Amino acid sequence: MIKVLLADDEELIRTALAALLGLEPDLEVVAQAADGRAAVQAALSHRPDVAVVDLEMPALGGLEVSAELAAVLPSCRVIILTGYGRPPLLKRALDAGASGFLPKGAPGGALADVIRRVHGGARYVDPELAADALTAPECPLTPRELDVLRLAELDTPVAVIARRTHLSNGTVRNYLAAAVAKLGTATRAEAYQLAKRHGWL
């Protein structure tokens with residue numbers, strides 16, 4: 001019997017997955033969690049063989065959960081489920097120690113199959129996501145430009161970004177202007193949205 005932990009902040013999705021996996025004769029859902037921190041705690045308590053975690057959750061996201069479980073419970077393999085699969089996220093997920101990456105729109109029986117594969121020691125990446133990863137454009141922004149743009153998410157004032165990054169106001173403005181120019185957008189809000197859509201943030 002393969003013991004499975006499910007972590008997703010959307011209760012409807014979590015319970016539907018639990019019901020679906022409960023139909024499999026060799027899979028047992030031993031715990032569920034509504035956020036990333038609870039997922040790590042549940043994994044330490046129940047010691048599942050495989051954790052299926054949502055990419056975006058409160059407290060800790062799927063990437064952070066994967067990295068933490070790799071450190072504190074390396075026997076637990078992690079599959080990340082996502083509503084969108086951007087190539088940079090795929091690479092970051094694998095770097096964080098995830099063994100599988102599957103879009104939420106995958107066919108119903110696919111998750112059970114991936115759980116079995118990952119439990120057996122294999123890695124699994126959705127073929128469409130893998131193909132996209134090979135053809136995805138490289139991020140044109142420097143790491144510092146990305147840092148500054150990430151903090152500009154909610155029209156954060158330049159002075160606040162400068163304080164958080166230990167940069168001058170002028171340097172922050174220069175980084176934001178460079179990001180807007182490189183991404184070909186009209187505003188920093190558009191630059192942020194474009195970078196997020198590509199998975200660069």
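The model shown is predicted, which means the values in this text are computed figures rather than measured ones.
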Asker: Would you mind listing every salt bridge (Lys or Arg N to Asp or Glu O under 4.0 Å) that reaches into residues 6-22, with sequence neighbours excluded?
Answerer: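 Passing the test, one end in residues 6-22: Asp8-Lys104.
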Asker: Can any side-chain N or O of Ser66 pair as donor or acceptor with the backbone N or O of Gly62 at less than 3.5 Å?
Answerer: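 Checking the backbone N and O of Gly62 against the side chain of Ser66, no donor-acceptor pair under 3.5 Å is found.
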Asker: I want to check something: taking the side chain as every heavy atom from C-beta on, are Thr142 and Glu145 in contact at a cut-off of under 4.5 Å?
Answerer: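 Yes - at least one pair of side-chain heavy atoms lies under 4.5 Å apart.
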Asker: Is there any salt bridge (Lys or Arg N to Asp or Glu O under 4.0 Å) pair reaching into residues 34-47, and which pairs are they, with sequence neighbours excluded?
Answerer: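 Checked against salt bridge (Lys or Arg N to Asp or Glu O under 4.0 Å) - neighbours excluded - the pairs reaching residues 34-47 are Arg37-Glu68.
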Asker: Work out which heavy atom in Ala59 is nearest to a heavy atom in Gly36; give both atom names and the distance.
Answerer: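 Nearest heavy atoms, Ala59 then Gly36: CB-N, 4.4 Å.
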Asker: For Leu5 and Ala43, which heavy atoms make the closest approach, and how far apart are they?
Answerer: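 Residues Leu5 and Ala43, closest heavy atoms: CD2-CB, 3.9 Å.
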Asker: For Glu64, what residues pass the salt bridge (Lys or Arg N to Asp or Glu O under 4.0 Å) criterion, not counting sequence neighbours?
Answerer: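 Glu64 satisfies salt bridge (Lys or Arg N to Asp or Glu O under 4.0 Å) with no other residue.
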Asker: Give, for atom NZ of Lys182 and atom CG of Leu194, the distance between the pair rounded to the nearest 0.5 Å.
Answerer: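 If I round to the nearest 0.5 Å, the distance is 13.5 Å.
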Asker: Do the side chains of Val30 and Leu44 join up, straight or via other hydrophobic residues, at under 4.5 Å, putting them in one cluster?
Answerer: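 Result: no, two separate clusters.
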Asker: Who pairs with Asp147 by side-chain contact (heavy atoms from CB on, under 4.5 Å), at least two apart in sequence or on another chain?
Answerer: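 Result, side-chain contact (heavy atoms from CB on, under 4.5 Å) vs Asp147: Arg144, Arg150.
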Asker: Before giving the answer on side chain to side chain contact (heavy atoms under 4.5 Å, CB included), spell out for Thr156 and Leu151 the whole-Å C-alpha distance, their side-chain angles and the decisive distance to 0.1 Å.
Answerer: CA-CA 7 Å; Thr156 308; Leu151 292 172; 5.6 Å; no
Asker: Minimum heavy-atom separation for Leu183 to Ala191, with atom names?
Answerer: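 Nearest pair, atom of Leu183 first, then Ala191: CD1-O, 3.5 Å.
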Asker: Using every non-hydrogen atom in the two residues, find where Ala38 and Ala33 come nearest and quote the distance to one decimal.
Answerer: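 So the minimum-distance heavy-atom pair works out to C-CB, 3.7 Å.
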Asker: Quick one: hydrophobic cluster around Leu23, which other residues, with the 4.5 Å side-chain cut-off, linked directly or via members?
Answerer: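 Same cluster as Leu23: nobody, lone residue.
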Asker: Kindly work out whether a path of hydrophobic side-chain contacts (I/L/V/M/F/W/Y, heavy atoms less than 4.5 Å apart) joins Val72 to Val78.
Answerer: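 They do share one cluster, since a chain of ILVMFWY contacts under 4.5 Å joins Val72 to Val78.
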Asker: Which residues satisfy the side-chain contact (heavy atoms from CB on, under 4.5 Å) test with Ala16, sequence neighbours excluded?
Answerer: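 Per chain and number, Ala16 pairs via side-chain contact (heavy atoms from CB on, under 4.5 Å) with no residue.
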Asker: Got a sec, which residues hit side-chain contact (heavy atoms from CB on, under 4.5 Å) with Ala93, two or more places apart in sequence or on another chain?
Answerer: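 Scan of Ala93 (side-chain contact (heavy atoms from CB on, under 4.5 Å), adjacent residues dropped) gives Leu63, Ile80, Ala98, Phe101.
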Asker: As an exercise, state the distance from CZ of Arg117 to OG of Ser99, rounded to the nearest 0.5 Å.
Answerer: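 Between atom CZ of Arg117 and atom OG of Ser99 there are 13.0 Å.
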Asker: Check the hydrophobic clustering (I, L, V, M, F, W, Y; side-chain heavy atoms under 4.5 Å; chains of links allowed) and say if Leu149 and Val180 are grouped together.
Answerer: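 Different clusters: Leu149 never reaches Val180 through Ile, Leu, Val, Met, Phe, Trp or Tyr contacts under 4.5 Å.
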Asker: Please round to the nearest 0.5 Å and tell me the distance separating atom CZ of Arg163 and atom OG of Ser168.
Answerer: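 Answer for the CZ-OG pair, Arg163 versus Ser168, is 13.5 Å.
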Asker: Could you list who else is in Leu20's hydrophobic cluster, with ILVMFWY side chains joined at under 4.5 Å, directly or through other members?
Answerer: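 None; Leu20 is a cluster of one.
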Asker: With sequence neighbours left out, write down each residue that passes side-chain contact (heavy atoms from CB on, under 4.5 Å) with Arg123, or none if nothing qualifies.
Answerer: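 Residues passing side-chain contact (heavy atoms from CB on, under 4.5 Å) with Arg123: Leu94.
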Asker: Under a 4.5 Å side-chain heavy-atom rule over Ile, Leu, Val, Met, Phe, Trp and Tyr, are Leu167 and Val158 clustered together?
Answerer: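 Same cluster: Leu167 reaches Val158 through Ile, Leu, Val, Met, Phe, Trp or Tyr contacts under 4.5 Å.
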Asker: Give me each pair satisfying salt bridge (Lys or Arg N to Asp or Glu O under 4.0 Å) with a member in residues 24-34, each pair once, sequence neighbours excluded.
Answerer: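 For residues 24-34, and leaving out neighbouring residues, the salt bridge (Lys or Arg N to Asp or Glu O under 4.0 Å) pairs sorted by first residue read Glu24-Arg116, Asp26-Arg116.
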Asker: Is there a side-chain contact between Cys139 and Leu146, using heavy atoms and a 4.5 Å cut-off?
Answerer: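 Yes, their side chains come closer than 4.5 Å.
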Asker: For Arg164, which residues count as a salt bridge (Lys or Arg N to Asp or Glu O under 4.0 Å) partner, sequence neighbours excluded?
Answerer: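 Not a single residue meets the salt bridge (Lys or Arg N to Asp or Glu O under 4.0 Å) criterion with Arg164.
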Asker: Please examine the side chains of Glu153 and Lys196, heavy atoms only from C-beta on, and report whether any two atoms are closer than 4.5 Å.
Answerer: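 Heavy-atom side-chain distance check fails, nothing below 4.5 Å.
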Asker: Looking only at heavy atoms, which two atoms of Ala18 and Gln32 are closest? And how far apart?
Answerer: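 Shortest heavy-atom contact: CB-NE2, 3.5 Å.
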Asker: Can you tell me how far the CG atom of Leu69 sits from the CG atom of Leu60, to the nearest 0.5 Å?
Answerer: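 Those atoms lie 9.5 Å apart.
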Asker: List, by chain and number, the other hydrophobic cluster members for Leu111, where Ile, Leu, Val, Met, Phe, Trp and Tyr join if side-chain heavy atoms come within less than 4.5 Å, directly or indirectly.
Answerer: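 Noted: Leu111 shares its cluster with Ile2, Val4, Leu6, Ile13, Leu17, Leu21, Leu27, Val29, Val50, Val52, Ile79, Leu81, Leu102, Val114, Ile115, Val118, Tyr124.
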Asker: Identify whether Tyr175 and Trp200 are in the same connected component of the hydrophobic contact network (ILVMFWY, side-chain heavy atoms under 4.5 Å).
Answerer: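 Same hydrophobic cluster.
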Asker: For the residue pair Pro48 and Leu73, what are the closest heavy atoms and their distance?
Answerer: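 Smallest heavy-atom distance, with atoms named: CD-CD2, 4.3 Å.
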